[in-house]
Amino acid sequence: MFSRLSIGVAQVVRTFSTSSQNNVKVAVCGASGGIGQPLSLLLKQSPLVTQLHLYDIVHTPGVAADLSHIDTPAVVRGFNGADNLDAALKDAQVVIIPAGVPRKPGMTRDDLFNTNAGVVRDIAAAISRNCPKALVGIITNPVNSCVPIASEVLKKAGCYDANRIFGVSTLDIVRACAFIGEAAGHNPLDVTIPVIGGHSGVTIIPLLSNCKPAVNFPESQVKQLSERIQEAGTEVVKAKAGAGSATLSMAYAGARFALSLVRAIKGEKNIIECAYVRSNVTEATYFSTPLRLGPNGIEENLGLPKLNAFEQGLLKAAIPELKTNIKKGEEFVLKN
Ligand SMILES: NC(=O)c1ccc[n+]([C@@H]2O[C@H](COP(=O)([O-])OP(=O)(O)OC[C@H]3O[C@@H](n4cnc5c(N)ncnc54)[C@H](O)[C@@H]3O)[C@@H](O)[C@H]2O)c1
Ligand SMILES: O=C(O)C[C@H](O)C(=O)O
């Protein structure tokens, strides 16, 4: 049931070898939050993770104590408060960042910029000091601006490697598989589909024409499904009615992406994920496309899949918004 996450069942966990060449240290920043806690649980459950560092400005001693009682190999340590950020990140190979505030009804993701930009900037600066070679997955919104922020901070510190910095857009793909599976009568786990672009409203570009198994929906249904995927985050924000945004589905998606990075570090071949990265595929300098992952991050950007006329329209609508979001992130680092 967890095939997309590649986390082991108990038997696998119990037989897993923890020899030193298999060590992978993962740090979660924002580990006490609505995403951070279930994400950390899924990472603790995976036999692929051997050290799990949980950083937050609150509650990490409790979260770490709780998770550390689970009988899997990952050694869990909690790091509380800004004074412990450096220790949390020391020599981490994978850093996943769900730190920062979530939306309330009526807000856009961009409305989170003023609070979350500084959070991502400070964590990126700590990454440059403690684990400049880490593969970094940014969940914090607005993702479209936060990835440029982290990139500019790492550039300033002289350790930027575009192949190692990812905006996590996996939830868009997870949702697309769920909604298309339901509409087409397929097991969602059998569905694959690239979702490209960015991670907000019109910048989310689901490519139903590239769906496998192929789907043959009428035009009106393609439009309705595409819009639902683009607005799915808002659907959850409205349903939670002031209690935040997607947390459990994001933890699932974040764990899948984090474990894909871990598997790539361990040398597994042909791991393909879409993620929002530095890109020259379109006019937008950051853009999500399918990527082949390797031990050093992006091994190959697989580029733009073939788009039909409807999808070309979605791409055209996304580019101006992406450019604005990217510029805002880059300017924030210049001025702050
Ligand atoms: N990329 C995506 O697809 C996606 C999906 C869902 C949510 N998100 C985003 O993820 C973020 C977190 O959402 P959530 O629901 O977990 O929120 P939350 O409020 O439940 O948790 C956020 C956590 O971050 C911590 N935090 C705040 N400032 C921090 C700092 N400076 N350093 C370390 N930790 C800090 C808080 O203490 C809290 O524990 C939001 O920005 C949200 O919009 C992104
Ligand atoms: O919608 C949000 O604010 C959170 C997240 O980006 C999502 O897509 O669920």
Side-chain angles (χ1 to χ4, degrees), residues 27-41 53-64 78-86 88-89 95-127 136-147 149 166-176 178 195 197-201 203-204 206 228-240 242-258 274-276 288 325:
V28 178
C29 296
S32 304
I35 297 167
Q37 290 202 38
L39 169 62
S40 300
L41 170 64
H53 281 195
L54 308 181
Y55 171 72
D56 202 299
I57 50 173
V58 289
H59 304 319
T60 43
V63 177
F79 298 83
N80 213 51
D83 290 349
N84 293 304
L85 175 56
D86 284 313
L89 293 176
V95 180
I96 305 295
I97 309 176
V101 292
R103 282 201 282 168
K104 290 194 187 319
M107 292 172 83
T108 66
R109 291 178 182 83
D110 186 57
D111 291 335
L112 304 172
F113 186 96
N114 287 346
T115 312
N116 290 350
V119 173
V120 170
R121 175 199 57 202
D122 295 349
I123 293 171
I127 288 170
V136 179
I138 299 172
I139 293 174
T140 307
N141 271 317
V143 169
N144 293 359
S145 301
C146 287
V147 174
I149 290 173
F166 304 87
V168 181
S169 58
T170 320
L171 180 53
D172 300 319
I173 287 139
V174 166
R175 285 168 169 157
V195 180
H199 177 70
S200 74
T203 73
I204 298 170
R228 184 170 180 214
I229 295 162
Q230 291 181 318
E231 290 304 319
T234 305
E235 184 179 318
V236 179
V237 170
K238 280 187 186 155
K240 290 202 172 179
S245 56
T247 53
L248 303 174
S249 51
M250 183 60 237
Y252 173 91
R256 163 176 151 179
F257 187 73
C274 287
Y276 179 72
S288 176
N325 296 161

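For the single chain, residues carry numbers from 1 onward in sequence order. Indexing begins at 1, ligand by ligand and atom by atom, following the structure's order.
Of all the heavy atoms of R109, the ones lying under 4.0 Å from any atom of ligand 2 belong exclusively to the side chain. At a heavy-atom cutoff of 4.0 Å, ligand 1 is contacted by the side chain of L112 but not by its backbone. By the criterion of a heavy-atom distance under 4.0 Å, both the backbone and the side chain of N141 are placed next to ligand 1. With a 4.0 Å cut-off on non-hydrogen atoms, L171 touches ligand 2 through its side chain and not its backbone. Contacts of N116 with ligand 1, taken as heavy-atom pairs under 4.0 Å, involve the side chain alone. Counting heavy atoms under 4.0 Å from ligand 2, residue R175 touches it through the side chain alone.
The protein heavy atom nearest to atom 33 (C) of ligand 1 is Y55 CE2, 3.4 Å. The protein non-hydrogen atom at the shortest distance from atom 31 (N) of ligand 1 is V119 CG1, 3.6 Å. Atom 21 (O) of ligand 1 has G33 CA, 3.2 Å as its closest protein atom, hydrogens excluded (heavy atom only). With hydrogens left out, the protein atom closest to atom 37 (O) of ligand 1 is D56 OD1, 2.6 Å, a heavy atom. Summary of contacts: the protein heavy atom closest to atom 7 (C) of ligand 1 is I35 CD1, 3.3 Å. Of all protein heavy atoms, the one closest to atom 28 (N) of ligand 1 is I57 CD1, 3.6 Å. Here the heavy atom of the protein found nearest to atom 4 (C) of ligand 1 is M250 SD, 3.5 Å.
Atom SG of residue C274 and atom CZ of residue F257 lie 10.0 Å apart, to the nearest 0.5 angstrom. The distance from atom CG of L171 to atom CD1 of I204, rounded to the nearest 0.5 Å, is 8.5 Å. Separating the OG atom in S32 from the CG atom in L54 is a distance of 7.5 Å, to the nearest 0.5 Å. Between the CG atom in D122 and the CD1 atom in I149 there is a gap of 10.5 Å [rounded to 0.5 Å].
Residue-ligand proximity, S245 to ligand 2, at heavy-atom distances under 4.0 Å covers atoms 2 (C), 3 (O), 4 (C). Every atom of ligand 2 with a heavy atom of A246 under 4.0 Å away is listed here by number and element: 9 (O). Atoms of ligand 2 found under 4.0 Å from any heavy atom of G233 (numbered from 1 in listed order, with element): 1 (O), 7 (C), 8 (O), 9 (O). Of all atoms in ligand 1, listed by their number and element, those nearer than 4.0 Å to a heavy atom of P98 are 11 (C), 12 (C), 22 (C). Every atom of ligand 1 is numbered from 1 in the order shown, and the set under 4.0 Å from a heavy atom of V101 is 40 (C), 41 (O), 43 (O). Contact atoms of ligand 1 toward V58: 37 (O) (distance under 4.0 Å to a heavy atom of the residue). Those atoms of ligand 1 with a heavy atom of V143 less than 4.0 angstrom away are 1 (N). Within the listing of ligand 1, atoms 16 (O), 18 (P), 20 (O), 21 (O) sit less than 4.0 angstrom from a heavy atom of G34. Close approach to R103 involves these atoms of ligand 2, each under 4.0 Å from a residue heavy atom: 1 (O), 2 (C), 3 (O). In summary, the atoms of ligand 1 found under 4.0 Å from a heavy atom of A99, numbered by their order in the structure, are 24 (O), 33 (C), 34 (N), 35 (C). Ligand 1 places these atoms under 4.0 Å from at least one heavy atom of T247: 15 (O). Those atoms of ligand 2 that come under 4.0 Å of a heavy atom in H199, given as number and element, are 5 (C), 6 (O), 7 (C), 8 (O).
Looking at D110 and S200, their side chains never come closer than 4.5 Å, going by heavy atoms from C-beta outward. At a threshold of 4.5 Å between non-hydrogen side-chain atoms, the residues V63 and V28 do not count as touching.
Here the closest non-hydrogen pair linking V237 and S245 is CG2-CB, 3.6 Å. Minimum interatomic distance between A255 and L39 (heavy atoms only, all atoms of both residues): N-CD1, 3.3 Å. Closest approach of G33 to D56, counting heavy atoms only: N-OD2, 3.8 Å. P98 and I35 make their closest contact through CB-CG2, 3.9 Å (heavy atoms, listed as atom of the first residue, atom of the second, distance). Nearest heavy atom pair, residue P102 against residue G244, reads CG-CA, 4.3 Å. Counting all heavy atoms, side chain and backbone alike, H199 lies closest to N141 at CD2-OD1, 3.5 Å.
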Side chain to side chain contact (heavy atoms under 4.5 Å, CB included) evaluation trace for V195 with S169: CA-CA 8 Å; V195 180; S169 58; over 6 Å; no
Trace of the side chain to side chain contact (heavy atoms under 4.5 Å, CB included) decision for Y55 with V95: CA-CA 10 Å; Y55 171 72; V95 180; over 6 Å; no
Side chain to side chain contact (heavy atoms under 4.5 Å, CB included) between R175 and V236, intermediate numbers included: CA-CA 12 Å; R175 285 168 169 157; V236 179; 4.1 Å; yes
Stepwise side chain to side chain contact (heavy atoms under 4.5 Å, CB included) check, I96 with I139: CA-CA 7 Å; I96 305 295; I139 293 174; 3.6 Å; yes
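Here's the thing with P102: none of its N/O atoms is less than 3.5 angstrom from an N/O atom of ligand 1. For L171, no nitrogen or oxygen atom sits less than 3.5 Å from a nitrogen or oxygen atom of ligand 1, counting backbone and side chain alike. Distances between N or O atoms of T140 and those of ligand 1 include no value under 3.5 Å. The shortest N or O to N or O distance between H199 and ligand 1 is under 3.5 Å. Considering both main-chain and side-chain atoms, I139 comes within under 3.5 Å of ligand 1 through a nitrogen or oxygen pair. Considering backbone and side-chain N/O atoms, A246 never comes within less than 3.5 Å of an N/O atom of ligand 1. No N or O atom of C29 sits closer than 3.5 Å to an N or O atom of ligand 1. Of the N or O atoms in G100, one or more lie within a sub-3.5 Å distance of an N or O in ligand 1. Considering backbone and side-chain atoms alike, R103 places every N or O at 3.5 Å or more from each N or O of ligand 1.
Among T234, D111, T108, the single residue meeting the side chain to side chain donor-acceptor pair (under 3.5 Å) criterion with R103 is T234.
The shortest separation from a heavy atom of V236 to ligand 2 is not under 4.0 Å, leaving the residue out of contact.
Using modelled atom types and a 3.5 Å distance limit, the side chains of S145 and R109 yield no donor-acceptor pair. For the residue pair N325/T203, the side-chain donor-acceptor check at 3.5 Å is not satisfied.
Between F79 and H53, the ring-plane angle classifies as tilted under the 30° and 60° cut-offs.
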